[in-house]
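Before I ask anything, here is the structure I am working with.
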Amino acid sequence: MPILLMCLMTAKVIAENKDDLKKGFVPVCVVCAIFIGIGLLPTNENGVVSYGKVPEYIELYYIQAIVTIVMIIMLGTLIYVVAEKKLDYMKIASAMTAVAVVICMTSSIVYGVTQGTDNTDYINRAINGGDNINMDKLESGSENFNADNNFYRIDTSENVDNWCMFWKLSSMRCFHSVVSTSIMDFYSSIGQTRDVASRMETKVYPLRSLFSVKYYFNELTESERKGITEVSKPETLANLYGFEYVDTQNGFNIYENKYYVPMGFTYDYYCLDSDIQKASEVDKTSMLMKALVLTPEQAAKYNNILSYYSFKGTDYSTDQYYQNCLDRRANSCSSFSYDSYGFNAKIDLDKDNLVFFSVPYDDGWSAKVNGQDVEIEKVDYGFMAVLCPAGSNDIQFTYETKGLFWGKVITAIGFGSLIVYLGAVRFTGRKKKEESQPVEKNA
C-alpha cells in the first residue's frame, strides 16, 4: 500500500509539473543510501568481523540493493537528461516504467525460484498435495461418517495456512485479508486476534468442534519428511483435546476429532455477552459449545424456546466439553450440501428451535425454511441461525452480494448512456462537417 501511494503521488507530480520531481530526487537517494548502508554494517561471526551480512536473507538484500541503484539511475536519467533535452518525456517515461516493472518482477521471481529445495517440496506437498491425501480412506474408517452430511473442515499446524485451498478442503485456518466483517466481530469478542489470517492456537480447542473441524493436519519435521529421523506418531497432541491419531499422509500426521459436530445444530440454552466477557480465554470457547450467545433483544424474543444458562466452575472441564459436543451432535442436521450460491440442510426437531450454522453472517444472505422466507439471526457475535418449527425442516440459504442487482442496473444504464452519447457526438460532428463544406454553384 505505501508503494501504491508513492506511485500515485509521483504520477500526480508528473501530471501537474514534472520539474517538481527534482525536489524529491535527492531525499530519495539519501534514504535509499541509508537503507543500503545498513545492510553493509559490520557484524561479529564467531569472533570475526564480517561486512554485508546483517540482512537475514543475504541474496535478497543484494538483489534489492542492485535493483534500487538501477532504478535511481533510471529516475535520474528521466529527470536530468530526458526532461532537460526536451525529448518525448511521456513516451520515454512510460517505456522506462515498463522496464522497471519487468526488472522488479523478474528479480523477485528469480530469487524465489533459486531458493533451496523448498520449491520442489511446496509443489509436491502443497500445489499437488491433494493427490497425496486420501480423505476417502480417512472417512471410511471414521465412526462419525454420515453420507448425507459429510461436510467437515480441517485445521493445520503453522506455516501451511492456505495449502488446504490447493487440496480443495475447507479449513478454519487461512491467510486471507478479504473476509466478512462478522469474522472480525467474532474473534475480537472472544479475545482472539484476527488480522489478515485466522490462526487459532490449539489451546482454544473447543473452536474446532464449533466450526465442524474433523481433522487436524500436524506437519512432520523436515528431518522426518526427508527420512533422516524416524517419523514420530503420537496418539494425541498437547492441548488439542478429543483428537486422536489416524494416519500419516503428505508429510503430515493426521488426527481425527472424535467429538466432531456436523454442520448445522441446535442448543437448549443461551447466554449473553456479559457472561462470555467474565470468563477466561479458553473458557469463553467452551461456553460456546454449551449455549448460544444472543443479544438481550434476541434473548427476549426466543426465551420461550431457549433457557438462560448460568455457568459454574464444573462447566469448563474437558469432560463437560465432550458432553456438550455429543449433545450438539445429537441435534444436528441430517444432511448438508453447498454450492457457489449458498447451502441446503435438513433437520428433524422435537420442538421449535434456532438452528446454528458456523457460516459468517452477511447482509447478502437470505434464507427459507420449508419454502417460507425467514429472518436470519446474527448469533455468537458473527454467525447465523434461523428459527425452525418442530418436525422435518428443509433449510435453504442463498447469497447475493448486497447492492449487486442495482449495481448491474446502474452499469447497464451507464453503458447505454455512453453509447447514446458517442452516437450523438458522431452524428452531430458529421452533420457540422457537412454543413461547413462549401456548396458548388453551377457554371
Could you go through residues 396-413 and list every donor-acceptor pair under 3.5 Å that involves a side-chain atom there, pairing it with any protein atom two or more places apart or in another chain?
| from | atom 1 | to | atom 2 | distance (Å) |
| --- | --- | --- | --- | --- |
| Tyr399 | OH | Asp362 | OD1 | 3.1 |
| Thr411 | OG1 | Gly407 | O | 2.7 |

Donor-acceptor pair, side chain of Ser107 and main chain of Cys104, under 3.5 angstrom: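 The answer is yes, because a donor-acceptor pair under 3.5 Å joins these two groups.
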
Phe175 ring center within less than 6.0 Å of Trp163 ring center: no

Taking salt bridge (charged side-chain N to carboxylate O under 4.0 Å, His left out) as the cut-off, I'd like each qualifying pair that reaches into residues 245-264, sequence neighbours left out, listed once. Lys137-Asp247, Glu256-Lys258

Tyr338 atom OH, neighbour heavy-atom count above 12 within 6.0 Å: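 Not buried by this count: 12 neighbours or fewer within 6.0 Å.
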
Between the side chains of Lys301 and Glu297, is the shortest nitrogen-to-carboxylate-oxygen separation below 4.0 Å, so that they form an ion pair? no

Can you label the angle between the Phe211 ring and the Tyr187 ring as parallel, tilted or perpendicular, going by 30° and 60°? perpendicular

Can you check whether Leu272's main-chain N or O pairs, donor with acceptor, with Asp275's side chain at less than 3.5 Å?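 A pair under 3.5 Å: yes.
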
Taking the six-membered ring for Trp and the single ring otherwise, decide whether the centroids of Phe243 and Tyr245 are under 6.0 Å apart. no

Backbone N/O of Tyr361 and side chain of Ser182: donor-acceptor pair under 3.5 Å: yes

Evaluation steps, side-chain contact (heavy atoms from CB on, under 4.5 Å), between Tyr259 and Tyr205: CA-CA 11 Å; Tyr259 295 91; Tyr205 59 90; over 6 Å; no

Can you give me every donor-acceptor pair (side chain of residues 379-386, partner residue at least two apart or in another chain, under 3.5 Å) with its distance?
| from | atom 1 | to | atom 2 | distance (Å) |
| --- | --- | --- | --- | --- |
| Asp380 | OD1 | Val293 | N | 2.8 |
| Tyr381 | OH | Asp273 | OD1 | 2.6 |

Under 3.5 Å, side chain of Ser157 to main-chain N/O of Glu219, donor-acceptor pair present? yes

State which residues pass side-chain hydrogen bond (donor to acceptor under 3.5 Å, both in side chains) with Asp161; sequence neighbours excluded, sorted by chain then number. Arg199

Hey, could you give me each pair passing salt bridge (charged side-chain N to carboxylate O under 4.0 Å, His left out) that has a residue in residues 178-190? Not counting sequence neighbours. Asp185-Lys378

Ring centroid separation for Tyr321 and Tyr241, is it under 6.0 angstrom?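 No, the ring of Tyr321 stays outside the 6.0 Å limit from the ring of Tyr241, centre to centre.
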
Review item, side-chain donor-acceptor pairs of residues 63-81, under 3.5 Å, at least two apart:
| from | atom 1 | to | atom 2 | distance (Å) |
| --- | --- | --- | --- | --- |
| Thr68 | OG1 | Gln64 | O | 2.6 |
| Thr77 | OG1 | Ile73 | O | 2.8 |

